[in-house]
Amino acid sequence: MSKATGRRRRTRCTRRWNSFSPPPPWLGANLLTRQVQVAFRSSEPLLAAERMDTLSRIAPLVSSARLDGHLVEIMALSNPWRDVPEVKDMRGRLHTLLV
């Protein structure tokens with residue numbers, strides 16, 4: 001392979017790589033809400049709390065009635081684990097988003 005051919009391939013790969021953009025915040029937030037819901041339904045409160053931490057950082061970027069509904073559902077699902085310190089902290093963060 002010549003230097004010119006290799007350079008052209010690298011340039012094409014770089015252009016393709018740079019054309020990818022991160023997913024929109026609403027998509028990430030909806031995915032995270034589903035993961036939190038599944039974690040609570042699977043009796044995995046620590047995994048849910050970990051996902052809630054990320055969700056609490058992304059959710060303020062999204063204005064969506066659907067997301068608000070998911071957050072209300074997460075608050076209800078997390079109620080049995082409200083005394084777990086990690087879940088308690090994350091419930092507090094999500095509560096501030098709902099108020």
Side-chain angles (χ1 to χ4, degrees):
M1 175 186 332
S2 70
K3 284 186 176 183
T5 303
R7 197 174 314 125
R8 280 194 300 265
R9 285 185 180 172
R10 281 193 304 275
T11 302
R12 270 189 266 142
C13 287
T14 302
R15 284 186 193 145
R16 285 184 187 151
W17 178 260
N18 290 337
S19 69
F20 291 120
S21 60
W26 61 266
L27 184 61
N30 282 317
L31 175 64
L32 282 168
T33 58
R34 296 301 184 186
Q35 290 177 353
V36 171
Q37 291 167 343
V38 168
F40 277 126
R41 289 182 181 131
S42 301
S43 298
E44 295 283 345
L46 296 179
L47 176 61
E50 182 182 314
R51 296 296 190 266
M52 287 168 74
D53 181 40
T54 306
L55 179 59
S56 70
R57 297 165 198 250
I58 295 175
L61 304 174
V62 180
S63 176
S64 164
R66 177 178 289 164
L67 178 62
D68 292 344
H70 291 314
L71 295 178
V72 168
E73 185 177 345
I74 287 170
M75 292 297 285
L77 287 170
S78 66
N79 200 36
W81 292 279
R82 66 184 173 271
D83 294 328
V84 176
E86 293 86 351
V87 175
K88 185 176 184 177
D89 182 40
M90 292 305 115
R91 281 175 53 91
R93 286 190 196 179
L94 291 185
H95 181 73
T96 60
L97 296 174
L98 290 171
V99 175

Verify same cluster id: Val84, Leu47 (apolar side-chain graph, 4.5 Å): no
Common cluster, Val38/Leu32, ILVMFWY with side-chain heavy-atom separation under 4.5 Å: no
Between [X] and [Y], what is the shortest heavy-atom contact and its length?
{"X": "Val36", "Y": "Ala48", "answer": "CG2-O, 3.9 Å"}
{"X": "Pro60", "Y": "Leu97", "answer": "CG-CD2, 3.6 Å"}
{"X": "Phe40", "Y": "Ser78", "answer": "CZ-CB, 3.3 Å"}

Going from [atom1] on [X] to [atom2] on [Y], what distance comes out if it is rounded to the nearest 0.5 angstrom?
{"X": "Leu71", "Y": "Met52", "atom1": "CG", "atom2": "CE", "value": "9.0 Å"}
{"X": "His70", "Y": "Gln37", "atom1": "NE2", "atom2": "CD", "value": "6.0 Å"}
{"X": "Arg93", "Y": "Leu55", "atom1": "CZ", "atom2": "CG", "value": "11.0 Å"}
{"X": "Leu31", "Y": "Arg34", "atom1": "CG", "atom2": "CZ", "value": "10.0 Å"}
{"X": "Asp68", "Y": "Thr33", "atom1": "CG", "atom2": "OG1", "value": "11.0 Å"}
{"X": "Ile74", "Y": "Asn79", "atom1": "CD1", "atom2": "CG", "value": "13.5 Å"}

Heavy-atom side-chain proximity of Met90 to Arg51 below 4.5 angstrom: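 SC-SC contact between Met90 and Arg51 ruled out.
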Backbone of Val87 reached by a side-chain donor or acceptor of Arg82 within 3.5 Å: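 No; judged by distance alone, with no hydrogens or angles, the pair does not exist.
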Under 3.5 Å: donor-acceptor pair, side chain of Asp89, backbone of Pro85: no
The single option from Leu67, Val62, Ile58 passing side-chain contact (heavy atoms from CB on, under 4.5 Å) against Trp26: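 Going through Leu67, Val62, Ile58 one by one, the side-chain contact (heavy atoms from CB on, under 4.5 Å) with Trp26 is satisfied by Val62 alone.
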